[in-house]
Amino acid sequence: MSRGVKAVLAYAVQTDVAVKPLTGWKSFPRKSDSLNHKVEMTESETINGSRIKTAGLVTSASAEGDVECEFIKGTYDDLIAAAAGNVWAGNKVSFAGDVATMFALEKQHKDIDSGLYHYWGGMRVNTFKLDIPETGFIGLTFGFMGSGYENGSTAYSVTPTVSPTAPKAASITVGDIKINGSTLKGIACITQFSFEANNNIERQNCLGGGLYGAKLLEMMADLSGSLTMAYGKKAQEILNNQMTGAVVSIEALINFSDGSSYTLTIPKAQLAGDIPSGGKDKLEASLSYTVVADTIADAPYITRTLKP
């Protein structure tokens with residue numbers, strides 16, 4: 001029998017879905033995952049003189065799932081770039097690019113007698129979420145979608161490099177959140193912030209394409225998020241932008257204890273939200289935002305400063 005604390009993940013960049021990587025494997029620290037393999041069974045409608053159905057046939061399969069992590073400096077940078085559809089240009093990566101990066105993923109159940117290993121191939125980062133809660137660790141969630149699966153009693157990964165598990169970022173390490181370039185420190189109290197990217201990957205099914213289809217295609221990206229702030233004049237001023245559809249810029253700075261930092265910059269976003277209802281609790285304004293871009297230069301981006 002297996003225990004969750006003994007199940008570990010590893011991943012490697014994959015250039016050919018038909019070829020398992022022999023190098024470049026890294027451990028994949030995570031809080032939880034929902035990686036799975038599902039098959040679609042098409043029932044037979046053949047009539048054979050009995051009221052019992054004849055055997056159906058597996059006609060489609062999917063390899064997908066989410067991996068939820070605590071934000072660790074440097075550990076998830078290649079996955080963040082894949083979610084952005086791009087590569088790091090020095091210390092900057094822009095979202096909604098056209099670079100499609102595939103990964104092989106392995107889950108190891110080493111506490112099962114003789115070992116049990118799951119392998120997913122051709123996995124792409126379809127969704128990504130950065131979540132800054134009011135208190136606690138800052139979270140990253142990667143949603144994968146892929147093109148193959150198998151399992152066995154022998155490891156698929158080859159000498160994985162152990163990824164760092166520190167330093168981590170938490171709500172207390174957030175440096176600042178700015179709107180239109182102005183700090184909200186001492187003016188408005190931000191209690192929660194999130195950013196989400198959905199690449200809307202669709203599977204292209206072709207005759208002869210096999211169980212997983214012929215190809216995965218990124219469609220128009222949806223970039224959005226939310227923020228919550230204590231209600232006051234500044235909060236209402238920000239809410240008022242929705243009356244005209246005015247765009248705002250948003251910036252979130254995340255620091256680490258060693259002096260490293262990541263900054264998410266959203267040049268253009270449109271807001272929506274409600275005036276908080278009354279009651280005995282503290283009043284908060286909950287806003288959602290949708291990222292917009294009139295040109296490629298308007299795309300959101302992350303910059304990093306990594307201390308050795």
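- No side-chain heavy atom of Ile302 sits under 4.5 Å from any side-chain heavy atom of Thr263.
- Side-chain atoms of Gln108 and Glu106 include a donor-acceptor pair closer than 3.5 Å.
- Here the side chains of Lys73 and Tyr262 are in contact, with some heavy-atom distance below 4.5 Å.
- Residues Asn48 and Ser50 bring no donor and acceptor atom of their side chains to less than 3.5 Å of each other.
- Side-chain contact check for Lys185 versus Asp176: some heavy-atom pair is nearer than 4.5 Å.
- Residues forming a ring pair (Phe, Tyr, Trp, His ring centres under 6.0 Å) with Phe103 (at least two apart in sequence, or on another chain): Tyr11.
- At a threshold of 4.0 Å, the pair Asp111-Arg3 counts as salt-bridged, since one of the basic side-chain nitrogens sits closer than that to a carboxylate oxygen.
- Tyr301 carries Lys92 over the face of its six-membered ring, with the cationic atom under 6.0 Å from the centre and within 45° of the normal.
- Formation of a donor-acceptor pair under 3.5 Å by the Asp258 side chain with backbone atoms of Ser260 is found in this model.
- By the 6.0 Å contact criterion, NZ on Lys168 is enclosed, its count of non-hydrogen atoms from other residues, nucleotides or ligands being greater than 12.
- Within a 6.0 Å sphere centred on CD1 of Ile275, heavy atoms belonging to other residues, nucleotides or ligands number 12 at most.
- To the nearest 0.5 Å, atoms CE (Met219) and CG (Asn198) are separated by 12.0 Å.
- A salt bridge does not link Lys38 with Glu64: every distance from a Lys NZ or Arg NE/NH1/NH2 to an Asp or Glu carboxylate oxygen is 4.0 Å or more.
- Atom CD1 of Ile254 sits about 7.0 Å away from atom OG1 of Thr173, to the nearest 0.5 Å.
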Can I get a per-line list of side-chain donor-acceptor pairs under 3.5 Å for residues 136-152, giving both atom names and the distance, sequence neighbours left out?
{"unit_1": "Tyr149", "atom_1": "OH", "unit_2": "His118", "atom_2": "ND1", "d": "2.7"}
{"unit_1": "Tyr149", "atom_1": "OH", "unit_2": "Asn151", "atom_2": "ND2", "d": "2.9"}
{"unit_1": "Glu150", "atom_1": "OE1", "unit_2": "Lys20", "atom_2": "NZ", "d": "3.1"}
{"unit_1": "Glu150", "atom_1": "OE2", "unit_2": "Tyr156", "atom_2": "OH", "d": "3.3"}

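- Note that CG of Leu57 and OG1 of Thr42 are 7.0 Å apart. Values are rounded to the nearest 0.5 Å.
- Between Leu211 and Val58 the shortest side-chain heavy-atom distance falls below 4.5 Å.
- Distance NZ/Lys215 to CD1/Ile201: 12.0 Å, rounded to 0.5 Å.
- Results of the side chain to side chain contact (heavy atoms under 4.5 Å, CB included) test with Val291 over Pro300, Pro267, Ser224 single out Pro300 as the only residue that passes.
- Scanning both residues, Pro276 and Glu284, for their nearest heavy atoms gives CB-O, 3.2 Å.
- Side-chain atoms of Thr75 and Ser163 include no donor-acceptor pair closer than 3.5 Å.
- Legend: residues meeting salt bridge (Lys or Arg N to Asp or Glu O under 4.0 Å) with Lys234, ordered by chain and number and at least two apart, are Glu237.
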